[in-house]
Colleague: 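One structure, as structure tokens, below. Some questions next.
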Amino acid sequence: MAYNFKQIGKKWQKKWEEKKVFEAKEKGKKFYVLEMYPYPSGTGLHMGHAFNYTIGDVYARFKRMQGFNVLHPMGYDSFGLPAENAAIKAKSHPRVFTDEAIKSYIKQQKELGFSYDWSRILQSHDENYYKWNQWIFLKMFEKGLAYKKKAVVNYCRKCDTVLANEQVHNGKCWRHTDTEIEVKHLEQWFLKITDYAEELLKDVDSLDWPEKIKTMQRNWIGKSEGAEAVFEINKKKFFVFTTRIDTLFGVTFLAISPQYIDLEHLITKEKKKEVEKFLKKIKSTKQEDIDKMEKSGVFTGSYAIHPLTKERIPVWIANFVLAEYGSGIVMGVPSHDKRDFEFARKYKLPIKIVIRPENEKIQSLVMDEAYTGSGKLINSLEFNGLFSEEAKEHITKVLREKKLGGKKIHYKLRDWLISRQRYWGTPIPMLYDEKGNIVPVPESELPVKLPNDVKFGKGNPLETSKIFLTVKKNGKIYRRETDTMDTFFDSSWYFLRFIDSKNQGKMFDMKKADYWMPVDFYTGGAEHACMHLIYARFFTKVLRDLNLVGKKLNEPFKRLFNQGMVHAEDGFVMSKSKGNVIDPMEMAEKYGADTLRLFLVSIASPDSDFSWNQEGIEGMHRFVRKLFEYFSKVKTGKSNPRTENKIHGTIKNVTEEIENLKYNLAIIKIRNLFEYLHEREISRKDLETCIKMLAPFTPHVAEEFWEKLGNKNFVSFAEWPKYDEKKISKEFEKEEKDVEDLIGDVLNVLRIVREREKKPKKLFVYTLPKEKEIYANNIDEIERRTNLQTKVFAVNEKGKHDPDGKSKKAKPGKPAIYLE
RNA sequence: GCGGGAAUGCCGGAGUGGUCAAACGGGAUGCGCUCAAGACGCAUUAGCUCAGUGCUUGCAGAGGUUCGAAUCCUCUUUCCCGCACCA
């Protein structure tokens, strides 16, 4: 029988779909498997998708067979810039592109045999979905978690919109790595994720996630404990954050960010020209160059009053101070901070030493670098003699008493800017009355739908829509908010919508969420470490506090798995411009989905990067074909203990390897098993076990032979085999090794003999009497491997064929051999 | 600069103290099957030695710990990833 993978693939995909076998109900012990839902791009599924979904699907199928009630849904992150841009280019509508793309994604995913519950499908651009974005936004607004403010924001010219901090990488746009981010001061919508900074940080510890991602999140949240001190400038109070309040008496200048919002007020008339010149220069420098640039600054002309000494401290603008961190103002302590030191040197600002390292004396005149360690305080009035740590406490206390500062915990995490000046996203459900006051859209008027009468081109398309822009209600005229939401808003709770995706009256049913949440196993790329994964955690906590999910649900994703990157055969990232892209569907067409799936997860450990290998997939195809032939021909009978040992050992290993996401090793164990099984008698039960173990990886072939064996149900729901420890015996392993050694010896001799131009046909093995059975039991194997007709004798047997008297050489565990 | 990870045979890639000249796959080579094979089966794939089970070298480099190291420690080199003037 020829292996017709196309026919088998279609047959089973159709059956799964018709019988709705993967549709999940709330019943039994649940297990929620999820792969990060894709952005449906016009180019279809790429190899990374296929890899990711295979990893999830194998796990989902495995858990299902273990008796769990598995939820394994799929949806589409369908709002976003690429569709809008494609639409502009083609003078069409983003919806057209998106719907088209989703259609082809669904088709392709079905062809790869993924066991999704298609009844729960969702798409973010569906008004039934984004309605709930708007709804939850209103709830957040009520709670003060959504707010509008003027801020220093990042703007990408190519996206033509502002971006969240998380979407700026190295001063560039995350989607346009060649585009500099521009800094603007605009009024924008934010979500108050900083309210949850501490909890987000704390709960990282409890997650079963890759350490790498956890570290990245901790760093991103960036907690630092320090103190705040008030400096007065022109009778106004300015807060300055520092982790080194013990160096407070070493302050010889204040440095303020060039992007500081109220900068103007600090600049004196005399300095205005000079400052403007400096700011102009900064503005014209690329972010990238600023990073490399030497420190520079300009004096504002203003002076600050030191909170404790009441000295006059010059206020400088300095290019190394970040507007978005701390208060945008730092205290300059050249003696004990590297950057301040550099800056002070350049502008000849005084350097005052206030910390003396133990066992060492430093003098200002010879100081050629900042001392950043801790030590004993000097030149610090009543704090002299204290060590850094205690000085921090004392100084903070004094500041607090004088109401000039105090303890302060600072986070690097900023509030999440969600406004986007683009069309293809969820409209922010807000109105402005004639006076410009913010008026939320009432719940009953949701969803605020995206209008169709828009012109794509320059600026925000929503501003070109007449029906959208103006709202008349009760004789009043309102202007609608034209900003849409960041698409990460959509993906921050989609895993909850899957639980109840058709619910018209609610975001989702709380009881159902209680049943299914958290996601037990979540896979996706590591690139979302500080975006999606933080936002989704934040949302979950907000929903919990709004009583929309149970109080116990603190975290959405229990276990996270990051798959490796699939590279092209040349080792580079697959890209159209390089022309090295391998299309998964082409491979499935050529070799079948089973082969592709099996290959993807067997080439390397799923968490490590790997390069595509064309010969590798062909090798895998040969294996699948062999499997097919084996199952086509095999007749069931009885398994001997040796076979049982092998089967049960394999069950044990494979189960463990799958659980640990070492699919590659599981597949090797399976391959070894089939290698062994070749032409050996096997019981029906054991044969079924073999099929079951294959089912998560190669579901189509498995279903086919499961059916051929006469089973009426699906192997997809068959019970995962359990191993019987009693059937696994070390003795068989030893026996196998002994036989293996013998074969090795024979082959060795055979090689030598062949060099002497002899061609032996027969093999005689002489064993110790009690060992005879070991070898006699394995004559088939010995013959197959050596291609010699084999006879086994015990050394004490009479009438044995032994012309050279080799049998004398037999030792325990090492039989003697003779070839002729 | 800081943080994290990695370096294994022709290639991909297992392997975290002895069972390791190192799983498994791919490639190459040889043999068998055959009219012939790109199909299948078997073998070889560090070097030497050999009617046998032995020796030497060996897991980026250099040291060290140990009876014993691919595996543990130290330093060096290279590569990848994340953060990056974070006050």
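Below, read A as the first sequence line, B as the second, and so on, with proteins coming before strands; counting in each chain starts at 1.
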Colleague: May I ask you to say what I667(A) touches in the nucleic acid, namely base, sugar-phosphate or nothing, with a heavy-atom cut-off under 4.0 Å?
Modeller: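 The answer is nothing, as I667(A) stays clear of every strand by at least 4.0 Å.
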
Colleague: Quickly work out the N613(A) CG to rG27(B) P distance and round it to whole Å.
Modeller: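 Spelled out: CG on N613(A) to P on rG27(B) is 9 Å.
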
Colleague: Rounded to whole Å, please give me the gap between CG in L322(A) and C1' in rC83(B).
Modeller: 13 Å

Colleague: With a 4.0 Å cut-off on N to O distance, would you call K669(A) and E657(A) a salt bridge?
Modeller: yes

Colleague: Just the table, please: protein N/O against nucleotides 37-48 of chain B N/O, every pair under 3.5 Å.
Modeller:
unit_1  : atom_1 : unit_2  : atom_2 : d
rC42(B) : OP1    : R784(A) : NH1    : 2.2
rC42(B) : O2'    : R785(A) : O      : 2.9
rA43(B) : OP1    : R785(A) : NE     : 2.3
rA43(B) : OP1    : R785(A) : NH2    : 3.2

Colleague: Roughly how many Å is it from NZ in K408(A) to P in rC86(B), rounded to a whole number?
Modeller: 19 Å

Colleague: List the atom pairs, donor and acceptor, that lie under 3.5 Å between side-chain atoms in residues 736-744 of chain A and the rest of the protein, sequence neighbours left out.
Modeller:
unit_1  : atom_1 : unit_2  : atom_2 : d
E736(A) : OE1    : K646(A) : NZ     : 3.4
E736(A) : OE2    : K646(A) : NZ     : 3.3
K737(A) : NZ     : D741(A) : OD2    : 3.4
D738(A) : OD2    : K734(A) : NZ     : 3.0
E740(A) : OE1    : R785(A) : NH1    : 3.4
E740(A) : OE2    : R785(A) : NH2    : 2.8

Colleague: Which value, in whole Å, describes the distance between the C1' atoms of nucleotides rC72(B) and rG17(B)?
Modeller: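 Approximately 8 Å lies between the C1' atom of rC72(B) and that of rG17(B).
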
Colleague: Could you work out the separation of rG27(B) and rU77(B) based on their P atoms and round it to a whole Å?
Modeller: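 Their P atoms lie roughly 39 Å apart.
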
Colleague: When you check the side-chain N and O atoms of Y325(A) and S224(A), is any donor under 3.5 Å from an acceptor?
Modeller: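 There is such a pair between these side chains.
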
Colleague: Taking any heavy-atom pair under 4.0 Å as a contact, classify I817(A): base, sugar-phosphate, or nothing.
Modeller: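 It contacts base atoms.
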
Colleague: Go nucleotide by nucleotide along RNA chain B from the 5' end; which of K295(A) and A810(A) gets its closest nucleotide reached first?
Modeller: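 The residue mapped nearer the 5' terminus is A810(A).
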
Colleague: Show your reasoning for whether side chain to side chain donor-acceptor pair (under 3.5 Å) applies to D246(A) and S388(A).
Modeller: CA-CA 6 Å; D246(A) 53 320; S388(A) 293; 3.1 Å; yes

Colleague: May I ask you to say what V746(A) touches in the nucleic acid, namely base, sugar-phosphate or nothing, with a heavy-atom cut-off under 4.0 Å?
Modeller: nothing

Colleague: Mind checking Y818(A) for me? I need base, sugar-phosphate or nothing, with any heavy atom below 4.0 Å counting as a touch.
Modeller: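 Base: the residue Y818(A), judged by heavy atoms under 4.0 Å, touches a nucleobase.
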
Colleague: Rounded to whole angstrom units, what separation is found between the CG atom of L598(A) and the C1' atom of rC24(B)?
Modeller: 13 Å

Colleague: Between rU53(B) atom P and I752(A) atom CD1, what is the distance in whole Å?
Modeller: 8 Å

Colleague: Using a cut-off of 4.0 Å on non-hydrogen atoms, how would the nucleic acid contact of P210(A) be classed: base, sugar-phosphate, or nothing?
Modeller: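 Here P210(A) touches no strand at all.
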
Colleague: Does the ring center of F674(A) lie less than 6.0 Å from the ring center of F631(A)?
Modeller: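 Yes, close enough.
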
Colleague: Would you kindly check whether a donor in the side chain of D745(A) faces an acceptor in the base of rG52(B), or vice versa, at under 3.5 angstrom?
Modeller: yes

Colleague: Between V330(A) and K662(A), just flag the one whose closest nucleotide in RNA chain B comes earlier from the 5' side.
Modeller: K662(A)

Colleague: Without decimals, in angstroms, what is the distance between H410(A) NE2 and rA87(B) C1'?
Modeller: 10 Å

Colleague: Can you tell me how far C1' of rG12(B) sits from CE of M620(A), to the nearest Å?
Modeller: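 One finds 12 Å between C1' of rG12(B) and CE of M620(A), rounded.
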
Colleague: Touch check for G222(A), heavy atoms < 4.0 angstrom, all strands: base, sugar-phosphate only, or nothing?
Modeller: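 Nothing: the residue G222(A), judged by heavy atoms under 4.0 Å, touches no strand.
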
Colleague: Taking only the C1' atom of each, what is the distance from rG61(B) to rC55(B) in whole angstrom?
Modeller: 26 Å

Colleague: With respect to the side chain of R671(A), which nucleotide from rA14(B), rG25(B), rC50(B) is positioned closest?
Modeller: rG25(B)

Colleague: Looking only at atom P, what distance separates rU56(B) and rA22(B), rounded to whole Å?
Modeller: 16 Å

Colleague: Which one, rA84(B), rG52(B), rA14(B), comes nearest to the side chain of S605(A)?
Modeller: rA14(B)

Colleague: Looking at the side chain of K412(A), which of rC86(B), rG82(B), rA23(B) is the nearest nucleotide?
Modeller: rC86(B)

Colleague: Scan side-chain atoms only and decide if N664(A) and S605(A) contain a donor-acceptor pair under the 3.5 Å cut-off.
Modeller: no

Colleague: With the side chain of T242(A) defined as its heavy atoms from C-beta on, choose the nearest nucleotide among rA87(B), rA23(B), rC50(B).
Modeller: rA87(B)

Colleague: In whole Å, what separates the P atom of rG41(B) from that of rC24(B)?
Modeller: 15 Å

Colleague: Any salt bridge between R345(A) and E342(A), counting N to O under 4.0 Å?
Modeller: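 No, this pair does not count.
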
Colleague: I'd like to know if the side chain of N580(A) and the backbone of S575(A) have a donor-acceptor N/O pair within less than 3.5 Å.
Modeller: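 Yes; at least one donor-acceptor contact below 3.5 Å.
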
Colleague: What integer number of Å spans the P atoms of rU45(B) and rA23(B)?
Modeller: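 It works out to 11 Å between them.
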
Colleague: Counting side-chain heavy atoms from C-beta on, which of rC83(B), rC85(B), rG26(B) comes nearest to R339(A)?
Modeller: rC85(B)

Colleague: Does the pair D340(A)/K295(A) count as a salt bridge with the N-to-O cut at 4.0 Å?
Modeller: no

Colleague: What nucleotide among rC24(B), rU19(B), rC86(B) has an atom nearest to a side-chain atom of N672(A)?
Modeller: rC24(B)

Colleague: Write down the distance separating the P atoms in rC40(B) and rG52(B), rounded off to the nearest Å.
Modeller: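 rC40(B) and rG52(B) have their P atoms separated by 37 Å.
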
Colleague: What I want to check is whether the side chains of E166(A) and W416(A) have a donor and an acceptor closer together than 3.5 Å.
Modeller: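 Result is no, nothing qualifies.
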
Colleague: Whole angstroms only, please: what is the NZ-P distance between K172(A) and rA84(B)?
Modeller: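 Taking atom P of rA84(B) as the reference, NZ of K172(A) is at 14 Å.
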
Colleague: Do side-chain atoms of S257(A) reach the backbone of G328(A) as a donor and acceptor pair under 3.5 angstrom?
Modeller: no

Colleague: For atom C1', what is the distance between rG25(B) and rU8(B), given to the nearest Å?
Modeller: 16 Å

Colleague: Return the stems involving RNA chain B, sorted by first number, where pairs are Watson-Crick (N1-N3 with N6-O4 or O6-N4) or G-U wobble (N1-O2 and O6-N3), both under 3.5 Å, and runs are 3 or more long.
Modeller: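 B:1-7 with B:77-83, B:10-12 with B:24-26, B:27-32 with B:40-45, B:46-48 with B:54-56, B:60-64 with B:72-76 - these are the stems of 3 or more pairs that involve RNA chain B.
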
Colleague: Touch check for A526(A), heavy atoms < 4.0 angstrom, all strands: base, sugar-phosphate only, or nothing?
Modeller: nothing

Colleague: Using a cut-off of 4.0 Å on non-hydrogen atoms, how would the nucleic acid contact of D609(A) be classed: base, sugar-phosphate, or nothing?
Modeller: sugar-phosphate

Colleague: If we check ring pair (Phe, Tyr, Trp, His ring centres under 6.0 Å) with W316(A), which of these qualifies: Y260(A), F278(A), F343(A)?
Modeller: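 Result for ring pair (Phe, Tyr, Trp, His ring centres under 6.0 Å) with W316(A): F343(A).
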
